[in-house]
Amino acid sequence: MSSTIVIQQMCMIAILVSVGVYLYKRRVIDQTVSQKISVIIIDICNPAMILSSALSGNVEASHEDLLKAFLVGFLFYVGLVLLGVVIPRILRCDRATRRFYTMMTVYTNVGFIGIPVTKALLPEKAMIYVVICNVLYALLFYTHGITVLSEGRSKMRLRSLLSPGTVSAVLSLLIIWFQLKPPVIISSSVTYIGNATTFLSMALLGVSIARSKVGDGFRDGRLWCFTVLRLALLPTGVFFLLRSVGCDPVMVLGFSLMAMMPVGNLPLIQSEKMGEDTQLLSKGIAMTTIVSMVTITFLMILFTSEGFGVGNILT
């Protein structure tokens, strides 16, 4: 039953992505429209989806559960930062590209892709772990990420932490912690806005794939090695580590799914602002995004199969 759910949901996501490819080919969505839709998703729809999960009342978590989730999330990103140092050396990257592989290791698409995919595959409780990952992602990117990308030349931008996504994530955690219940008109409005996230984000992902030079990435041997390490071996390690220490099954799958996410867009956007060569990041985003459709499907089927100890908890 679990494998059927995963395949059905990932096929649904693939169809939505295909719609984006079609819209780009028909010139319905160009780069200007794509940028404007991105703003709607990042600043309105994604934050609304995060809030709607908390407001639904279906996310039940004790204070102890939330504290454990924060601890695991903190350790998760500490591990990614360390791997961001180790993986470029394993791949024998030169000095010019090492920092870009570091960024691709640590900063994956836990928001733009992670939120709707988690919503499609896992129980609503899993949104807690997605929310925590997004909060920690923002804290880390505008401190550690900026420093690594600029090689210490740019200052940390703490003011950038006050993005709609980060604010909504913090609000969601407060709602769950204090069990707040706003008026129905508020929760319903937020839910309707959040429901647009999955289609818009997946369609825009299709536009991004159609616009990128995917073939260049697939001909890069080092990028292939990185993709296998980051999208297959790392999530597998996260899964077995969390399961071995007795974490809740939803937590195990939630953080494992976050570890399966492809390279995110924020390092690319920041690099463009800094006038850096973004060719490697562009290839990494396109390649890992396409490959992740396969790895997420395969690994989620594997992790929820009999004998892996997490039970049949998929939505």
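Here the structure is a predicted model, which is why all the values come from computation and not from measurement.
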*Asks:* Please tell me if the side chains of M49 and I193 come closer than 4.5 Å, counting only heavy atoms from C-beta onward.
*Replies:*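 With C-beta onward as the side chain, the pair stays apart.
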*Asks:* Between CE of M251 and OH of Y129, what distance do you get to the nearest 0.5 Å?
*Replies:*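 The CE atom of M251 sits 4.0 Å away from the OH atom of Y129.
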*Asks:* For the pair S52 (side chain) and T191 (backbone), establish whether a donor and an acceptor sit closer than 3.5 Å, ignoring hydrogens and angles.
*Replies:*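 Between the backbone of T191 and the side chain of S52 there is no qualifying donor-acceptor contact (under 3.5 Å).
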*Asks:* Kindly compute the distance separating CD1 (I87) from OH (Y101), expressed to the nearest 0.5 Å.
*Replies:*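 Between I87 CD1 and Y101 OH, I get 11.0 Å after rounding to 0.5 Å.
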*Asks:* Show the nearest heavy-atom pair for residues T197 and C45, with the distance to one decimal.
*Replies:*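 Heavy-atom minimum between the residues: OG1-O, 2.9 Å.
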*Asks:* In terms of ring plane angle, is the pair F255 and F76 parallel, tilted or perpendicular, where the classes change at 30° and 60°?
*Replies:*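 The arrangement is tilted - the two ring planes meet at 30° to 60°.
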*Asks:* Determine whether F141 and F74 fall in the same hydrophobic cluster, where Ile, Leu, Val, Met, Phe, Trp and Tyr are linked whenever their side-chain heavy atoms lie under 4.5 Å apart.
*Replies:*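 No; tracing contacts between hydrophobic side chains, which count when under 4.5 Å, never links both residues.
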*Asks:* Looking at every heavy atom in both I285 and T288, which two are closest together, and how far apart are they?
*Replies:*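 It is O-OG1, 3.4 Å.
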*Asks:* For residues I175 and L51, determine if any side-chain heavy atom of one lies less than 4.5 Å from a side-chain heavy atom of the other.
*Replies:*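 A side-chain contact under 4.5 Å exists here.
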*Asks:* Quick one: does Y107's side chain have a donor or acceptor within less than 3.5 Å of a partner on L140's backbone?
*Replies:*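 Checking the backbone N and O of L140 against the side chain of Y107, a donor-acceptor pair under 3.5 Å is found.
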*Asks:* Exactly one of L205, N265, V263 should register a side chain to side chain contact (heavy atoms under 4.5 Å, CB included) with T289. Which one does?
*Replies:*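 Only match with T289 under side chain to side chain contact (heavy atoms under 4.5 Å, CB included): L205.
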*Asks:* Could you grab the distance from atom NZ of K25 to atom OG of S18, nearest 0.5 Å is fine?
*Replies:*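 Rounded to the nearest 0.5 Å, the NZ-OG separation comes out at 12.0 Å.
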*Asks:* Can you check whether Y137's main-chain N or O pairs, donor with acceptor, with N134's side chain at less than 3.5 Å?
*Replies:*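 Such a contact is absent between N134 side chain and Y137 backbone.
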*Asks:* Evaluate the side-chain contact (heavy atoms from CB on, under 4.5 Å) criterion for residues R211 and V207: first the C-alpha distance (whole Å), next the side-chain angles of each, then the deciding distance (0.1 Å), finally the verdict.
*Replies:* CA-CA 6 Å; R211 200 170 54 204; V207 172; 4.1 Å; yes
*Asks:* Give a yes or no on whether the backbone of F218 and the side-chain of W224 come within a donor-acceptor separation of less than 3.5 Å.
*Replies:*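 A pair under 3.5 Å: yes.
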*Asks:* Answer yes or no: does atom OH of Y22 have more than 12 heavy-atom neighbours from other residues, nucleotides or ligands under 6.0 Å?
*Replies:*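 No, the 6.0 Å shell around OH holds no more than 12 heavy atoms from other groups.
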*Asks:* Locate the shortest heavy-atom distance separating P123 from V250; write the atom from each residue and the value.
*Replies:*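 Heavy-atom minimum between the residues: CG-CG2, 4.5 Å.
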*Asks:* Could you tell me the separation between the CG atom of L71 and the CG atom of L75, rounded to the nearest 0.5 Å?
*Replies:*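 Rounded to the nearest 0.5 Å, the CG-CG separation comes out at 4.5 Å.
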*Asks:* Determine yes or no for a side-chain-to-main-chain donor-acceptor pair under 3.5 angstrom, with R222 supplying the side chain and L91 the backbone.
*Replies:*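 Yes, because the side chain of R222 sits within donor-acceptor range (under 3.5 Å) of the backbone of L91.
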*Asks:* Examine distances only and state if a side-chain atom of R89 and a backbone atom of V85 form a donor-acceptor pair shorter than 3.5 Å.
*Replies:*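 Checked: pair present.
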*Asks:* Could you walk me through whether T4 and I7 pass the side-chain contact (heavy atoms from CB on, under 4.5 Å) check?
*Replies:* CA-CA 5 Å; T4 302; I7 293 172; 6.0 Å; no
*Asks:* When you measure from the side chain of Q9 to the backbone of A120, do you find a donor-acceptor pair of N or O atoms at a distance under 3.5 Å?
*Replies:*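 Side chain of Q9 to backbone of A120: a pair is present.
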*Asks:* In Å and rounded to the nearest 0.5 Å, what is the CZ to OG1 distance from F239 to T304?
*Replies:*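 That separation rounds to 8.5 Å.
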*Asks:* Any side-chain heavy-atom pair from F303 and T236 closer than 4.5 angstrom?
*Replies:*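 Side-chain contact under 4.5 Å: yes.
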*Asks:* Is V245 reachable from V78 through a run of hydrophobic residues whose side-chain heavy atoms are each under 4.5 Å from the next?
*Replies:*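 No; tracing contacts between hydrophobic side chains, which count when under 4.5 Å, never links both residues.
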*Asks:* Kindly work out whether a path of hydrophobic side-chain contacts (I/L/V/M/F/W/Y, heavy atoms less than 4.5 Å apart) joins L171 to L173.
*Replies:*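 Yes, because L171 and L173 connect within a single hydrophobic cluster, where side-chain heavy atoms sit under 4.5 Å apart.
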*Asks:* Determine whether S53 and K119 make a side-chain contact, defined as any pair of heavy atoms from C-beta on separated by less than 4.5 Å.
*Replies:*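 Result yes, sub-4.5 Å side-chain heavy-atom pair found.
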*Asks:* Quick check: is I290 connected to V21 through a chain of hydrophobic side chains (ILVMFWY, heavy atoms under 4.5 Å apart)?
*Replies:*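 No, V21 and I290 fall in different hydrophobic clusters.
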*Asks:* With a 4.5 Å cut-off on side-chain heavy atoms, are I296 and L121 touching?
*Replies:*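 Yes, at least one pair of side-chain atoms sits under 4.5 Å.
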*Asks:* For residues V238 and L234, determine if any side-chain heavy atom of one lies less than 4.5 Å from a side-chain heavy atom of the other.
*Replies:*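 Of all side-chain heavy-atom pairs linking L234 with V238, at least one is under 4.5 Å.
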*Asks:* I would like to know whether T143 and T147 meet side-chain contact (heavy atoms from CB on, under 4.5 Å); could you show each step before the answer?
*Replies:* CA-CA 6 Å; T143 52; T147 303; 5.9 Å; no
*Asks:* Treating R98 as the side-chain partner and P88 as the backbone partner, does any N or O pair qualify as donor plus acceptor under 3.5 Å?
*Replies:*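 Checked: no pair found.
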*Asks:* Of all heavy-atom pairs between L231 and P262, which one has the smallest distance, and what is that distance?
*Replies:*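 Residues L231 and P262, closest heavy atoms: CD2-CA, 4.1 Å.
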*Asks:* Any side-chain heavy atom of S208 sitting closer than 4.5 Å to one from Y24?
*Replies:*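 No, every pair of side-chain atoms sits at 4.5 Å or beyond.
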*Asks:* So, does R230 use its side chain to make a donor-acceptor pair with the main chain of A259 at under 3.5 Å?
*Replies:*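 Yes; judged by distance alone, with no hydrogens or angles, the pair exists.
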*Asks:* Calculate, to the nearest 0.5 Å, the distance between atoms CD1 and OG belonging to I41 and S34 respectively.
*Replies:*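 Rounded to the nearest 0.5 Å, the CD1-OG separation comes to 8.0 Å.
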*Asks:* Taking V184's backbone N and O only, do any of them form a donor-acceptor pair with S187's side chain (distance below 3.5 Å, no angle check)?
*Replies:*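 Side chain of S187 to backbone of V184, a donor-acceptor pair under 3.5 Å: yes, one is there.
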*Asks:* Which atoms form the tightest heavy-atom contact between P116 and S201, and what is the distance?
*Replies:*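 Closest approach of P116 to S201: CG-OG, 3.5 Å.
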*Asks:* Decide yes or no on side-chain contact (heavy atoms from CB on, under 4.5 Å) for F100 and C93, but give the supporting numbers first.
*Replies:* CA-CA 10 Å; F100 296 117; C93 300; over 6 Å; no
*Asks:* Locate the shortest heavy-atom distance separating E276 from L149; write the atom from each residue and the value.
*Replies:*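 Between these two residues, the closest heavy atoms are OE2-O, 4.4 Å.
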*Asks:* Are any non-hydrogen side-chain atoms of D248 and D65 less than 4.5 angstrom apart?
*Replies:*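 No, too far: nothing below the 4.5 Å cut-off.
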*Asks:* Indicate if L174 and I132 have the same hydrophobic cluster label, given that clusters are the connected sets of ILVMFWY residues with side-chain heavy-atom separations under 4.5 angstrom.
*Replies:*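 L174 clusters together with I132.
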